[in-house]
Amino acid sequence: MSDSADLGFLGGPVFEVAPRLLGAVLRHAGVAVRITEVEAYDGADDPASHAYRGETPRSSVMFGAPGHLYVYFTYGMHHCCNVVCGETGRASAVLLRAGEVIDGIETARARRPGASDVALARGPALLCRTLDIDLAQNRVDLAAGDVTLTPASAPSGTVQTGPRVGVRHGADLAWRFWLAGEPTVSTHRPASVRRPAAGR
DNA sequence: CTACCGATATTCT
DNA sequence: GAATATCGGTAGA
């Protein structure tokens, strides 16, 4: 892995890229995480995607070339990290939802005191915090070396699919992928729909 | 273990 | 003003 030429697969269709990211290793700021859970977002046809309503300052990187990171700030306090994939202009991306820390475990623990090892990156915002990824990493090229992605050389386990988490539109689509039996996969949180404006 | 609720930036209505 | 690709604290079983 002396070069990153093997990231070319990121330019393929998002539903082929997403499962191939399972088992890949993302490294930044002294910590490496093996990806165990992802979700696919297809800007052209996906009402849940940030790119669905067109290009905005936040989502513009999704409309660019594959192989870049799309990091966004949400709920006023959390970061989430995506890998832009698909053809340039397709505006599709894969959200990295969870992973297993395989290097820099001491650094990761120091960033999240009190958390158990399997919970260090169990959730998209936690994964970003453990890897110290924030808006400074938005739009970075994975080939540039600040953040590196090492694809899995072989299947890392059984891939399962299911509905995406936390989305209201397109929630019935099985666009979430994870590795069966991995304890680091985030528990399915059924997006407890807030009650309609009834009493409160 | 499950369930609810608050914090709050970006975007849309 | 309202919704959102979330998490952590608190309450209860």
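Treat the numbers as computed from the prediction; the structure is a model and nothing was measured.
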Item to check | C/dT6 phosphate, OP1 or OP2, under 4.0 Å from A/R129 side-chain N/O | outcome: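 No, A/R129 has no side-chain N/O under 4.0 Å of OP1/OP2 on C/dT6.
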
Next on the checklist: Please confirm whether the shortest side-chain N or O distance from A/T74 to OP1 or OP2 of C/dT6 is below 4.0 Å.
Outcome noted: no

How close or far is atom [atom2] of [N] from atom [atom1] of [X], stated in whole angstroms?
X      : N      : atom1 : atom2 : result
A/H79  : B/dA9  : NE2   : P     : 11 Å
A/Y72  : B/dA9  : OH    : C1'   : 12 Å
A/E39  : C/dA5  : CD    : P     : 10 Å
A/R122 : C/dC7  : CZ    : P     : 11 Å
A/M77  : B/dT10 : CE    : P     : 13 Å
A/Y75  : C/dA5  : OH    : P     : 6 Å
A/R112 : C/dG9  : CZ    : P     : 9 Å
A/D46  : C/dA5  : CG    : P     : 10 Å

Next on the checklist: Between C/dG8 and B/dT10, how far apart are the two C1' atoms, rounded to whole Å?
Outcome noted: 22 Å

Please determine, for the side chain of [X], which listed nucleotide ([options]) has the closest atom?
X     : options               : answer
A/R53 : C/dT6, C/dA5, B/dT13  : B/dT13
A/M62 : C/dA5, B/dT13, B/dT11 : C/dA5
A/R58 : C/dT6, B/dT11, C/dA5  : B/dT11

Item to check | Ring center gap for A/Y72 and A/H50 short of 6.0 angstrom | outcome: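 Yes, the ring of A/Y72 comes within the 6.0 Å limit of the ring of A/H50, centre to centre.
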
Next on the checklist: Tell me if the aromatic rings of A/F15 and A/W175 count as close, with their centers under 6.0 Å from one another.
Outcome noted: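 Yes.
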
Item to check | Charged tip of A/R164 within 45° of A/Y41 ring normal and under 6.0 Å | outcome: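 Geometry flag: set, cation within 6.0 Å and 45°.
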
Next on the checklist: What contact category does A/F73 fall into here, base, sugar-phosphate, or nothing, at under 4.0 angstrom with non-hydrogen atoms?
Outcome noted: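 Sugar-phosphate: the residue A/F73, judged by heavy atoms under 4.0 Å, touches backbone atoms but no base.
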
Next on the checklist: Any base atoms under 4.0 Å from A/A48, or only sugar-phosphate, or nothing? Heavy atoms, all strands.
Outcome noted: base

Item to check | B/dT8 - base-pair partner by Watson-Crick or wobble geometry, distances under 3.5 Å | outcome: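 Looking at the geometry, B/dT8 pairs with no nucleotide.
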
Checklist entry - Taking any strand in view, what nucleotide pairs with C/dA5 in a Watson-Crick or G-U wobble way, both distances under 3.5 Å? => result none

Item to check | A/Y41-C/dA5 aromatic stacking (under 5.5 Å, under 30°) | outcome: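 So yes, this residue stacks on that base, both cut-offs being met.
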
Item to check | SB check A/E106 A/R111 (cutoff 4.0 Å) | outcome: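 So A/E106 does not pair with A/R111 through a salt bridge.
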
Item to check | Lys/Arg-Asp/Glu bridge criterion (N-O < 4.0 Å) met for A/R90, A/D42 | outcome: yes

